[in-house]
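See below for the structure under consideration.
Note that the structure is a prediction, hence the values are computed from the model and not measured.
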Amino acid sequence: MKKNNIENFRRVLSRRGMYVADDNLDQVFGLVGGFDAASDPSILDGFREWLLEEYPQCDGPFGWTTLVIQILPIELKGQDAVDAFVDILTQFLDTRHN
């Protein structure tokens with residue numbers, strides 16, 4: 001993974017409200033997925049598998065977005081859900097790309 005891609009991705013995550021509604025989890029999922037699709041190699045390579053290892057409450061043959069929804073407490077909505085997702089994603093980046 002090119003370090004520049006990760007640094008740019010972290011900057012975009014920290015300023016996500018400039019690109020999408022910062023309280024809309026679906027839009028943030030789209031932003032993350034789009035950045036990943038434009039990156040070579042993938043920033044999210046291994047993210048789904050990491051989620052399955054780190055969070056035993058999620059399972060099934062689902063993509064990472066569905067797994068994240070399984071992980072987040074159901075009462076989290078809006079900005080709180082987005083912040084929790086970004087925390088999970090940051091943990092992954094710290095684990096796999098540092």
Donor-acceptor list for residues 86-95 side chains, cut-off 3.5 Å, not counting sequence neighbours:
{"from": "Thr90", "atom 1": "OG1", "to": "Val86", "atom 2": "O", "distance (Å)": "2.7"}
{"from": "Gln91", "atom 1": "OE1", "to": "Tyr55", "atom 2": "OH", "distance (Å)": "3.0"}
{"from": "Asp94", "atom 1": "OD1", "to": "Arg10", "atom 2": "NH1", "distance (Å)": "3.1"}
{"from": "Asp94", "atom 1": "OD1", "to": "Arg10", "atom 2": "NH2", "distance (Å)": "2.9"}
{"from": "Thr95", "atom 1": "OG1", "to": "Gln91", "atom 2": "O", "distance (Å)": "2.8"}

- prompt: How would you list, by chain and number, every residue that makes a side-chain contact (heavy atoms from CB on, under 4.5 Å) with Asp80, sequence neighbours excluded?
  reply: Leu76
query: According to the salt bridge (Lys or Arg N to Asp or Glu O under 4.0 Å) rule, which pairs have a member within residues 60-75, sequence neighbours left out?
result: none
message: Quick check for you: to the nearest 0.5 Å, what is the distance between Cys58 atom SG and Leu51 atom CG?
response: 5.5 Å
- line: side-chain hydrogen bond (donor to acceptor under 3.5 Å, both in side chains) pairs touching residues 23-33, sequence neighbours excluded, are none
statement: In this structure, CZ of Phe85 is separated from CG of Leu25 (nearest 0.5 Å) by 7.0 Å
- request: Calculate, to the nearest 0.5 Å, the distance between atoms CZ and CD belonging to Arg96 and Glu49 respectively.
  value: 8.0 Å
Going by atom type alone, with no hydrogens or angles, which donor-acceptor pairs under 3.5 Å involve a side-chain atom of residues 61-69 and a protein atom two or more places apart or on another chain?
none

Spacing of Asn5 atom CG and Ile43 atom CD1 [to the nearest 0.5 Å]: 5.0 Å
- request: Calculate, to the nearest 0.5 Å, the distance between atoms CG and CG belonging to Leu44 and Asp36 respectively.
  value: 3.5 Å
message: If the condition is side-chain contact (heavy atoms from CB on, under 4.5 Å), which residues does Asp59 pass it with, not counting sequence neighbours?
response: none
- request: Not counting sequence neighbours, list each pair that qualifies as a salt bridge (Lys or Arg N to Asp or Glu O under 4.0 Å) and has a residue in residues 12-22.
  value: Arg16-Asp22, Arg16-Asp83
